[in-house]
2 protein chains.
Amino acid sequence: MTTEATGSDALSGPTLVGVAELAGVSRSTASRVINGSPNVTEETVARVNEAIARLGYVPNRAARSLVRRRTQTIAMVIPERTAEFFADPYFAEVIQGAAMYASSTDYSLTLLIESESDPAKAHRFLRRGNVDGALVLSHYSASSDYLELSRSLPVVFGVRPAGGIDAEIHIVDVDNDSAAALATEHLIETGRTRIATISGPQSTSAGRERQRGWHRALADAGLGEAGCEEGDYTPASGAAAMERLLAGAGGFDAVFAASAQMAAGALEVLSSRGIRVPEDVAVATIDNNVFTTTTTPPLTTVDLHTAGKGATMVATLERLIRGEHVEAMTPVPIELVRRGSS
Amino acid sequence: MTTEATGSDALSGPTLVGVAELAGVSRSTASRVINGSPNVTEETVARVNEAIARLGYVPNRAARSLVRRRTQTIAMVIPERTAEFFADPYFAEVIQGAAMYASSTDYSLTLLIESESDPAKAHRFLRRGNVDGALVLSHYSASSDYLELSRSLPVVFGVRPAGGIDAEIHIVDVDNDSAAALATEHLIETGRTRIATISGPQSTSAGRERQRGWHRALADAGLGEAGCEEGDYTPASGAAAMERLLAGAGGFDAVFAASAQMAAGALEVLSSRGIRVPEDVAVATIDNNVFTTTTTPPLTTVDLHTAGKGATMVATLERLIRGEHVEAMTPVPIELVRRGSS
DNA sequence: CTGAAAGCGCTTACAG
DNA sequence: CTGAAAGCGCTTACAG
């Protein structure tokens, strides 16, 4: 800190030959030490490292990039549409997770906005060797263009591409089926036997998958379904679904709601009917967000590790860049968070 | 599109000598055309440009960066703290605005997370010539370290640094005083004469500035204060402040609330008392967010142009990088959005 | 284990 | 207006 250069010197800074001279070795040897080559004497390594420390040397990124043909940069491709993207804290969290993880690696994360007026611009940027790989976070862009891009550049998708999935691409996403099963299994483990569900819209794959997970967990435990009503992920729809469930013939001692917002709505109805949670009816859901902590009682839920998804996307891309084999689908770890509703 | 190379070729791609050969000129001349040098024949320019187009040539960024000592990259420094940062849509919007604007320039935007465990890491990165400039968005980091950094690297702050402001630094921020005055002036223009305020915490500079703006607008119009109660930006505190205002001696026909959340709380109280908005009491506030559109009636407010702030930060940094003179403080344009509450 | 040399792809004085 | 040459700061075969 004390002896660091200031002003424009900061941009030039100490150079490899400076290190080499101070250490009394050649540039080649200094470079080998820097890059962790095994073929260097212990003593030489020490001398070079000392020189590096003394000078506060850091390799020039451009020079290194030029010769290695690696940029050490990855792009996060995000859609331009504000409403669908930045307004959604989900995406902000994915980006944060990715940025945090990237900061622990040698890669820089560049934000690449896919302009609606010129979507090809982002593609050009990506194809021009500006980055070593790309993370794609937009449904919109998950078109055949990107599928094609992933043949010439390592690409990891954070969303399922609209066009069918072929073996060439790599996706990091949460396993909705497992998340639903995890919540349902938890209800079963706590002794519930008649478990209903408030499902998400069956027109969406996530909605279908979560319902399937609930069903599977029941089947695996030898239990039958105790009711199933569909909502649209809003609290109001959750409340309405709960009303229908209560009006139904079969009783139930637990409910798995496919989203926290719907669970919150359902809780209101139970409360207004004097049905105690969790004594009379246990509730478990998915999404560890503000809706699960502000309800009474707070909701047992499955944390989708959204920030972890961002991190996993980067980690997966790193493997791809290194040329390692990567499965087409990398699930994001999920976790049950137990609270008062079960 | 049709003749583009695929596979690893995408990373090498056409090179400057390829262009030069195809155009029948030297690398020097080709380079001059690419960089818009005036000392080239029209005909040569045409030939080179044709070769560039035919080859789909794009300059290698690393090579150019190496010789120019410019990275064409700027960093957006953001704090690690999730709760205070990514949870806040305000920051996501600033980032979006910056990324959008950057995509229209020659600069790439890199996300640089300031790790709490090793805050010096971000500084090292910045000092090492990895970027041409930095945008700083964290209060936390706006310490003397960054003030010092801004002496060796173009830096634009999106927040007021905690330590005093000296002439050396550059800030892009909204003018809270003006925003408050704008809202208050609007109330005055619509005929209100007894205008109270629900202020923000006077322990914060934004809180004080907004109160000052309200006061200034009244004074400019020759009006006196019709009440002033402090809140802490939460809806509950806005409701409480409104109760106190109503309990006070002097009547009022309008209220300027220093934040939309407080205005929302105040509206509830007015509604429960049967006080009509805007007939009996007009309300105007600051922040054009979800709280202003979901209330009854929706709130007249001042849009702080948060995305515009991000854009202005980038634009300001560009000017700084070019060596242009930039004022210490660049205000972000604000705008009155008129809705039903006034 | 180490060094001299070539080269990554560009830009820019320097001559002409 | 144009070209030959040097150089940006690194890495990496190639010899030794």
Side-chain angles (χ1 to χ4, degrees), chain A residues 5 8-49 51-52 55-73 106 128-130 132, chain B residues 5 8-49 51-52 55-73 106 127-132:
Chain A
S8 59
D9 289 349
L11 287 177
S12 2
T15 174
L16 183 59
V17 347
V19 170
E21 280 172 1
L22 210 174
V25 298
S26 69
R27 298 210 309 283
S28 322
T29 300
S31 178
R32 286 193 190 95
V33 172
I34 288 158
N35 294 295
S37 162
N39 304 325
V40 192
T41 323
E42 239 180 67
E43 197 217 319
T44 310
V45 171
R47 279 220 312 281
V48 172
N49 279 332
I52 289 174
L55 265 25
Y57 167 80
V58 179
N60 177 295
R61 195 173 176 133
R64 187 176 254 183
S65 174
L66 181 57
V67 50
R68 283 196 186 161
R69 290 147 166 283
R70 279 293 183 76
T71 63
Q72 293 301 113
T73 297
D106 276 336
R128 296 301 160 63
N130 283 304
D132 294 341
Chain B
S8 57
D9 287 350
L11 287 177
S12 3
T15 173
L16 182 59
V17 346
V19 171
E21 280 173 0
L22 211 174
V25 298
S26 69
R27 298 211 309 281
S28 322
T29 300
S31 179
R32 286 193 190 93
V33 172
I34 288 158
N35 294 295
S37 162
N39 305 324
V40 191
T41 324
E42 242 181 63
E43 197 218 318
T44 309
V45 171
R47 280 222 311 282
V48 172
N49 278 333
I52 289 174
L55 263 29
Y57 168 80
V58 178
N60 178 296
R61 194 174 178 132
R64 186 175 256 184
S65 173
L66 182 58
V67 51
R68 283 195 186 162
R69 288 147 169 284
R70 278 293 183 77
T71 63
Q72 293 300 111
T73 297
D106 276 337
R127 306 196 75 131
R128 297 301 160 61
N130 283 305
V131 298
D132 294 341

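Because the structure is predicted, anything quoted here is derived from the model rather than measured. By convention in this document, chain letters (A, B, ...) are assigned in the order of the sequence lines, proteins followed by strands, and residues within each chain are numbered from 1.
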Side-chain N or O of Arg68(B) closer than 4.0 Å to phosphate OP1/OP2 of dT11(C): yes
Is there a side-chain polar atom (N or O) of Thr15(B) under 4.0 Å from OP1 or OP2 of dC10(C)? yes
Run Val48(B) and Val19(B) through side chain to side chain contact (heavy atoms under 4.5 Å, CB included) and show every step you take. CA-CA 7 Å; Val48(B) 172; Val19(B) 171; 4.1 Å; yes
Check: Thr44(A) main-chain N/O paired with Thr41(A) side-chain donor or acceptor under 3.5 Å: no
Would you name the heavy atoms of Arg61(B) and Thr73(B) that are closest together and state the gap between them? NH2-OG1, 3.4 Å
Side-chain donor or acceptor of Ser26(B) under 3.5 Å from a matching atom on the base of dA4(D)? no
Per-nucleotide pairing state of DNA chain C [Watson-Crick or G-U, under 3.5 Å; [ ] pseudoknot-crossing; | other strand]: |||.||||||||.|||
Round to the nearest Å and state the distance from Ile34(A) atom CD1 to dC10(D) atom P. 7 Å
Nearest-Å distance, CG (Asn60(A)) to C1' (dC10(C))? 14 Å
How long is the line joining CG of Leu16(A) and P of dC8(C), in whole Å? 19 Å
Candidate nucleotides dC10(C), dT12(D), dT2(D), ranked by approach to the side chain of Val40(B) - the nearest: dT2(D)
Figure out the CG/P separation between Asn35(A) and dT2(C), and round it to whole Å. 15 Å
Rounded distance in Å between the C1' positions of dG16(D) and dT12(D): 16 Å
Stepwise side chain to side chain contact (heavy atoms under 4.5 Å, CB included) check, Asn35(A) with Arg68(A): CA-CA 12 Å; Asn35(A) 294 295; Arg68(A) 283 196 186 161; 2.5 Å; yes
Whole-Å distance, Leu66(A) CG to dT11(D) P, equals 11 Å
Let me see the working for Val40(B) and Thr29(B) under side chain to side chain contact (heavy atoms under 4.5 Å, CB included), right down to the final yes or no. CA-CA 8 Å; Val40(B) 191; Thr29(B) 300; 4.3 Å; yes
Can you work out whether Val67(B) or Ser28(B) has the more 5'-proximal nearest nucleotide on DNA chain D? Ser28(B)
Under 4.0 Å, heavy atoms only, any strand: does Thr44(B) hit a base, just the sugar-phosphate, or nothing? sugar-phosphate
Determine whether a donor-acceptor pair (one donor, one acceptor, N or O, separation below 3.5 Å) exists between the side chain of Arg32(B) and the base of dG3(D). yes
To the nearest angstrom, the CD-P distance between Glu21(A) and dT2(C) comes to 18 Å
Nearest atoms (heavy-atom pairs only) where Ala30(A) meets Val25(A): N-CG2, 4.1 Å
Taking the side chain from Arg47(B) and the backbone from Ala23(B), do they hold a donor-acceptor pair closer than 3.5 Å? yes
By nearest heavy atom, map Thr41(B) and Tyr57(A) onto DNA chain D; which one lands nearer the 5' end? Thr41(B)
Check whether any side-chain N or O of Arg64(B) sits under 4.0 Å from OP1 or OP2 of dT11(C), and answer yes or no. yes
Would you say a side-chain N or O of Ser31(B) is under 4.0 Å from OP1 or OP2 of dT12(C)? no
Quickly work out the Asn39(B) CG to dG16(C) C1' distance and round it to whole Å. 14 Å
I would like to know whether Ile34(B) and Arg64(B) meet side chain to side chain contact (heavy atoms under 4.5 Å, CB included); could you show each step before the answer? CA-CA 12 Å; Ile34(B) 288 158; Arg64(B) 186 175 256 184; 3.3 Å; yes
Distance in angstrom units between Glu43(A) CD and dT2(C) P, rounded: 9 Å
